[in-house]
Amino acid sequence: MAVIWGLAALFIMSFIGSTTSQSYKIGAMYGANTNMDNHYKELFVDATTYINRDPEFMNGNRETLNVYNYRPIAGTNWSLPNAPQALRAACTFASSVDMHGLIVPSDVCPGCSGHTGRIVGNAFAPVIALDQASGSKAYKMLPTDSDLLELWVSVINHYKWQDFIFIHDGDSAYSMAWILLEMENQNKWHVVPYQIYDEADYAEMAKDLKKRRTQNYLLFLHEEERLPGFVNWMLDSGMFGDKYHWIFGNLEPPISRQFLDDKLRIHTSFLTRFKMKIVEGVESKVLTRNPIPTRNWPFRERTAYDSMLFFAKAMTVYREENGRYPEAVPKCGDDLSSQLGTVMQKVSYEGLSGEVAFNSDGDRVNYTINIFFGKDKHNIRQAGVWTQNIDHYERKYGEKWPKNTGRLHMTPFRQSDPSYIKILSIEEPPLLMLRDHDYTRARRQSSDELGLDRYYGIIPELLVYIQYIFEHDMGMEFKYKIELIAEGYYGKRNPNTGDWDGMVKELQDSDADLAAGAFTVTQAREEVIDFTKDFYKGNIKTLIKHPNWVRDFPFNFAFAHDWDTWLVNLFAFGITILVFWALMRFHPLEYRKQSEIGQATREQSTEFTLRNVAWMLTGVVFLRGHKLSPASIAGRILLAAWFFFSLVMVFTYMLNLTDFIAIDKDILTINDPVDLLNEPLLKIGMVRHGPTHDYYSMSSKASDQQLMSIMGVLDRDPFVERMRDGALRVRNDNGHYALVSEELLLTYYTQSGPWCDLYIVGDPVKKMKYAFATPSGSPLRDQITYAINKLKQNGTIKELVEKKWFGDQKCEEESLWESESVLSINANDLEGIYYVLAIGLVLSAIIFFIDVLCYWVFGSCSSAGDPRPSNPRGDGFTMTLNPRDKPRDERDYGKPPEEKSPNLWI
Ligand SMILES: *[C@@H]1O[C@H](CO)[C@@H](O)[C@H](O)[C@H]1NC(C)=O
Ligand SMILES: *[C@@H]1O[C@H](CO)[C@@H](O)[C@H](O)[C@H]1NC(C)=O
Ligand SMILES: *[C@@H]1O[C@H](CO)[C@@H](O)[C@H](O)[C@H]1NC(C)=O
């Protein structure tokens, strides 16, 4: 019973309400898309319900605002084929009832090249157009073409894109493409407009786009509804892979957060998106039956909702000003000026699509767009603001707009940390070095909270210049922090899993914004991260111990003959002495026998003692003749044979000799590190996972791979962990270890002292490029490239690379004499010979003293048991090595010379 009474009361009240309150109508048209599932109709119904309940609107709800829905007139359907039909449909609709405004979506007339809003907007007033409608009297909920273009252009210039592809779907986007083309010269870029047609062409198109080398895409679809389908297609064909950067030119395209979260989560392209800035709290006020939260609505749905609210607001303001509502507009006409229109140019309303306000042309003004960019999980971070009206922005938000930035203000790119750009590096002199502990402690109180003064070297100085260019030339902040990577290497791919490690992985995961160091550009790496333009090109060379400092075995000259050969020769020498002596002693024709019969002098008969024979044959080895030749044929033959033997021995020895003395010079003439494989005594090494190791292990050249495999065979552990260890090993291994690396890095060790005993060899055969690396598609890639190009042009980079980083310890530059003489045989190589001479000198001196001593003590040392008194002349110093110099009369011709000779020595 109560229910029936209640219903009756409701009926009566609604009856009274409908009789006492006036209902005002806003017409809403629909196209094929907007009509679908009555979605937009419900939206407008929600909006009017909200309006009619909120006392702020419509005279405290004594009057109501209602939506008046469009139906296609007979013979047409939801999608109108051309402009006359669209105009006819709109005007028929408008004149069918007295309405105060008309809302026109973009899809009413797909055949009107995107100008439905404009066509209708010029025929009726007031019209709120949900499409571009540029140049018409309609009030446009979307930013005008020129504002949108300005936004794009300033963002693209901020990214320093050199070339990009503008993907569009014709209609209003077509004229944008033309304008972009016209701007090419002025902005120093290259743009390729690319129009998409049917979904059937997407596959072909993706293939075609993939072939192009461009990695930057600006996407703007007039028919926004196609965007999700298109993006999905591109995603599936890999066009949203790591190396791309996409800008979605549409304001808040109908791409769900879900999509961003699920599909663009890992290893996907960089993405830049634009979103209207919305005043906080607006969303919670809004009334709707739609279960989806309003912030997740597609932008056009929000503009539709706002357009209804804006009409209500304008009506309310008009009523407040004039005491009554404006007249309804009866029908279409050429020269319409609605009463409501004058208010609409003044009113401003905070809606779901940002601040809604129009200027006298009906262009949307005073709104602000937030810019989001990022990659993977970071793509929801806000990166900048663009405001349509700087004055308004400053007044509304009470903030000063940054100077000299135009209407775009981009916060610097920071992906991994909100407050600074995170730069990864590795300690690698001279690119990056750490100051010592004392220095750091002394400076700790300084203002540098990011700890930049801990580092010095090429990279830190280069970054200061880059920062300068960012801040003074590009007008962006560049606040950065250098972090040394924990694992300590650059990054290589695990061949089994295909995963990367080191700095590459950090970049790939977007956990850092930039990597700087001796980061070598390789093709494999370029597949997963991006490189800026290289700042340095260097050669792969080899570090060896300076030959002058290599401590060889001092008697290496003995190596020219084998050990066996020496022994055999010594044996041959001994035999020959014995045979020769015997021959001379017992041969009847020789002097000894001859003197017995008076045919030779006594002097001659004592010539061929054992000692003299040994001395004589030794002399022959040095190609020296002797005073007396053997008299017999047998003796002469023997001597000739010895002579010939000696000749061959001496010359073979000499021919071989230089190789052994200059053993360490060969290496100076190598060009390619691969040539090192021909050096038997040399082990070749590299820094594990250093730039050169990476280069070789990623190289596909056969000779490079050969070097890598043989290197491991020659030495069980050819790798060192750090460059410094490598230099130390070269230094300590006495010329038997050579470190292959890049010249700039090696130079540091040859020049930094304090030993200065290292030397770099090799010709420029293999070049390596060092560049900054960024996550794929990162805007920093093109921005840093821009800065590097500038610094290259004015010579700053050259200066930095050539700068000496070594303080007081630096090694002197080599003089001409030094550099030219590395190949010559030096005292160091000949060390052993000097030892031989020295030994000879010392020995002879010792014997000299022994002899002198003997002479004074015993009178003579020639024979221990000789009772003869000392030299009758009393002059010990007349004693000589050569018995021939003795006064003739003192000789005892009858005795064996051994006993008569004044000393033991030959
Ligand atoms: C309605 O639209 C469809 C597709 O645009 C078209 O094929 C059809 O002919 C239209 N019908 C009428 C009655 O105009
Ligand atoms: C837009 O902002 C300017 C500057 O604050 C202001 O003068 C103007 O009235 C605003 N326009 C509208 C329609 O609110
Ligand atoms: C090169 O340009 C940078 C940045 O504009 C500047 O700091 C530097 O002094 C210039 N160097 C030379 C040699 O002109």
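Both ligands and their constituent atoms are indexed starting at 1 by order of listing.
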Do [X] and [Y] have ring centres separated by under 6.0 Å?
| X | Y | answer |
| --- | --- | --- |
| F535 | F772 | yes |
| F311 | H100 | no |
| Y325 | Y24 | yes |
| Y468 | F470 | no |
| F531 | F519 | yes |

With sequence neighbours excluded, what pairs up with K767 under the salt bridge (charged side-chain N to carboxylate O under 4.0 Å, His left out) test?
->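 By the salt bridge (charged side-chain N to carboxylate O under 4.0 Å, His left out) rule, K767 matches no residue at all.
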Within-cut-off N or O pair, D391 and ligand 2, under 3.5 Å | no
Based purely on interatomic distance, does S348 place a nitrogen or oxygen under 3.5 Å from a nitrogen or oxygen of ligand 2?
->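 Checking ligand 2 against S348, no N or O pair falls under 3.5 Å apart.
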Does N389 approach ligand 2 within less than 4.0 angstrom via side chain, backbone, both or neither, non-hydrogen atoms only?
-> side chain
Carboxylate-amine/guanidinium contact R324 E327, below 4.0 Å | yes
Ligand-protein N/O pairs under 3.5 Å (ligand 3):
unit_1: ligand 3; atom_1: 2 (O); unit_2: N794; atom_2: ND2; d: 2.3
unit_1: ligand 3; atom_1: 11 (N); unit_2: N794; atom_2: ND2; d: 3.0
unit_1: ligand 3; atom_1: 11 (N); unit_2: T796; atom_2: OG1; d: 3.3
unit_1: ligand 3; atom_1: 14 (O); unit_2: N794; atom_2: ND2; d: 3.2

Taking the inter-plane angle between the rings of Y349 and F57 on a 0 to 90° scale, is it parallel (under 30°), tilted (30 to 60°) or perpendicular (over 60°)?
->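 Ring orientation, 0 to 90° scale: tilted.
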Using non-hydrogen atoms of the residue, decide whether Q345 is closer than 4.0 angstrom to ligand 2.
->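 Checking ligand 2 against Q345, which is what was asked, there is a heavy-atom contact under 4.0 Å.
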Atom indices of ligand 2 within 4.0 angstrom of F358 heavy atoms, with elements =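 Answer, ordered by atom number: 13 (C).
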